[in-house]
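Below: the structure, in C-alpha coordinates.
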Amino acid sequence: MQLKLRPLADRVIVKRIESETKTASGIVIPDNAAEKPDQGEVLAVGPGKLDDNGKRIELSIRVGDRVLFGKYSGQTVKVDGDELLVMKEDDLFAVVEK
(Lines give C-alpha, C1' and ligand atoms only; values in the text may rest on other atoms or scores of the structure.)
Protein backbone atom coordinates (compact mmCIF):
# COMPACT_ATOMS: atom_id res chain seq x y z
CA MET A 1 0.00 0.00 0.00
CA GLN A 2 1.46 3.33 -1.08
CA LEU A 3 0.62 5.77 1.69
CA LYS A 4 -0.27 9.28 0.55
CA LEU A 5 0.38 10.86 3.94
CA ARG A 6 3.75 12.01 5.26
CA PRO A 7 3.63 12.70 8.99
CA LEU A 8 5.41 15.76 10.31
CA ALA A 9 7.69 16.14 13.34
CA ASP A 10 7.06 13.43 15.98
CA ARG A 11 3.79 12.15 14.53
CA VAL A 12 3.09 8.61 13.36
CA ILE A 13 0.35 7.12 11.18
CA VAL A 14 -1.20 3.95 12.56
CA LYS A 15 -3.74 1.53 11.11
CA ARG A 16 -5.89 -0.14 13.75
CA ILE A 17 -5.69 -3.91 13.95
CA GLU A 18 -9.24 -5.20 13.94
CA SER A 19 -10.37 -7.15 16.97
CA GLU A 20 -11.72 -10.67 16.82
CA THR A 21 -15.50 -10.82 16.43
CA LYS A 22 -15.70 -14.35 17.81
CA THR A 23 -14.63 -15.66 21.21
CA ALA A 24 -12.51 -18.79 21.65
CA SER A 25 -15.68 -20.76 22.42
CA GLY A 26 -17.30 -19.61 19.15
CA ILE A 27 -19.64 -16.91 20.47
CA VAL A 28 -20.02 -14.10 17.92
CA ILE A 29 -19.66 -10.59 19.38
CA PRO A 30 -21.95 -8.04 17.70
CA ASP A 31 -20.18 -4.98 16.25
CA ASN A 32 -21.88 -2.59 18.66
CA ALA A 33 -20.63 -4.60 21.68
CA ALA A 34 -17.03 -4.93 20.50
CA GLU A 35 -14.65 -2.29 21.80
CA LYS A 36 -12.25 -0.71 19.36
CA PRO A 37 -8.84 -2.33 19.59
CA ASP A 38 -5.97 -0.51 21.18
CA GLN A 39 -3.36 -2.04 18.87
CA GLY A 40 -2.23 -0.97 15.46
CA GLU A 41 0.50 -1.19 12.87
CA VAL A 42 2.70 1.83 12.18
CA LEU A 43 2.47 2.78 8.49
CA ALA A 44 4.63 5.93 8.52
CA VAL A 45 6.74 7.96 10.94
CA GLY A 46 7.75 11.59 10.90
CA PRO A 47 11.38 12.73 10.88
CA GLY A 48 11.26 13.69 14.57
CA LYS A 49 10.97 17.00 16.38
CA LEU A 50 13.69 19.56 16.92
CA ASP A 51 15.27 20.09 20.34
CA ASP A 52 16.09 23.53 21.77
CA ASN A 53 19.38 23.60 19.81
CA GLY A 54 17.72 22.80 16.48
CA LYS A 55 18.98 19.20 16.44
CA ARG A 56 16.46 16.59 15.22
CA ILE A 57 15.41 13.90 17.73
CA GLU A 58 14.59 10.71 15.80
CA LEU A 59 11.55 8.64 16.76
CA SER A 60 12.06 5.27 18.42
CA ILE A 61 9.09 3.82 16.48
CA ARG A 62 9.65 2.23 13.06
CA VAL A 63 7.33 1.46 10.14
CA GLY A 64 5.86 -2.01 10.65
CA ASP A 65 5.95 -1.88 14.48
CA ARG A 66 2.82 -3.12 16.27
CA VAL A 67 1.98 -0.58 18.96
CA LEU A 68 -0.40 -0.12 21.88
CA PHE A 69 -2.27 3.15 22.37
CA GLY A 70 -5.19 4.58 24.31
CA LYS A 71 -8.72 4.02 23.07
CA TYR A 72 -9.22 7.72 22.28
CA SER A 73 -5.68 8.54 21.13
CA GLY A 74 -4.94 10.29 17.87
CA GLN A 75 -6.96 11.94 15.14
CA THR A 76 -8.89 9.69 12.75
CA VAL A 77 -8.48 10.37 9.02
CA LYS A 78 -9.80 8.51 5.97
CA VAL A 79 -7.42 7.82 3.09
CA ASP A 80 -8.65 5.82 0.08
CA GLY A 81 -11.41 4.31 2.22
CA ASP A 82 -9.01 3.23 5.00
CA GLU A 83 -9.48 4.66 8.48
CA LEU A 84 -6.08 5.70 9.86
CA LEU A 85 -4.92 7.41 13.03
CA VAL A 86 -2.44 10.28 13.17
CA MET A 87 -0.90 10.63 16.62
CA LYS A 88 2.19 11.86 18.38
CA GLU A 89 4.81 9.36 19.46
CA ASP A 90 4.02 10.36 23.08
CA ASP A 91 0.48 8.94 22.63
CA LEU A 92 1.88 5.44 22.11
CA PHE A 93 2.24 3.23 25.19
CA ALA A 94 4.44 0.39 23.95
CA VAL A 95 5.73 -1.66 21.03
CA VAL A 96 4.47 -5.25 20.94
CA GLU A 97 7.53 -7.47 20.43
CA LYS A 98 7.04 -10.40 18.06
Exercise. Of the non-hydrogen atoms in Asp10 and Leu59, which two are nearest, and what is the gap between them?
Worked result: CA-CD1, 3.8 Å

Seminar exercise, completed: CG of Leu84 to NZ of Lys78, rounded to nearest 0.5 Å, is 10.0 Å

Exercise. Can you name the side-chain contact (heavy atoms from CB on, under 4.5 Å) partners of Asp91, sequence neighbours left out?
Worked result: Ser73, Met87, Lys88

Exercise. If you round to the nearest 0.5 Å, how far is CD of Glu41 from CZ of Arg16?
Worked result: 14.5 Å

For this session: Answer with yes or no whether the hydrophobic clustering places Val12 together with Val95; edges join I, L, V, M, F, W, Y residues whose side-chain heavy atoms lie under 4.5 Å apart.
Result: yes

Exercise. Any donor-acceptor pair under 3.5 Å linking the side chain of Asp51 with the backbone of Asn53?
Worked result: yes

Problem set entry | For Arg56, all residues meeting side-chain contact (heavy atoms from CB on, under 4.5 Å), sequence neighbours excluded | Pro47, Leu50

For this session: Check Phe69 against Phe93 and note the closest heavy-atom contact, atom names and distance.
Result: C-CE1, 3.5 Å

Exercise. Heavy-atom distance under 4.5 Å between the side chains of Ile13 and Val42, does that happen here?
Worked result: no

Exercise. Which atom pair, heavy atoms only, marks the closest approach of Val45 to Ile61?
Worked result: CG1-O, 3.7 Å

Problem set entry | Closest non-hydrogen atom pair, Gln39 against Leu68 | CG-CD2, 3.2 Å

Exercise. Closest approach of Ala44 and Leu5, non-hydrogen atoms and distance?
Worked result: CB-O, 4.4 Å

For this session: Find out if a path of hydrophobic residues (ILVMFWY) with successive side-chain heavy-atom gaps under 4.5 Å connects Val77 to Leu43.
Result: yes

Problem set entry | Gap between atom CD of Gln75 and atom CZ of Arg11 - 0.5 Å precision | 10.5 Å

Problem set entry | Spatial distance of atom CD1 (Ile57) from atom CD (Glu89) [nearest 0.5 Å] | 10.0 Å

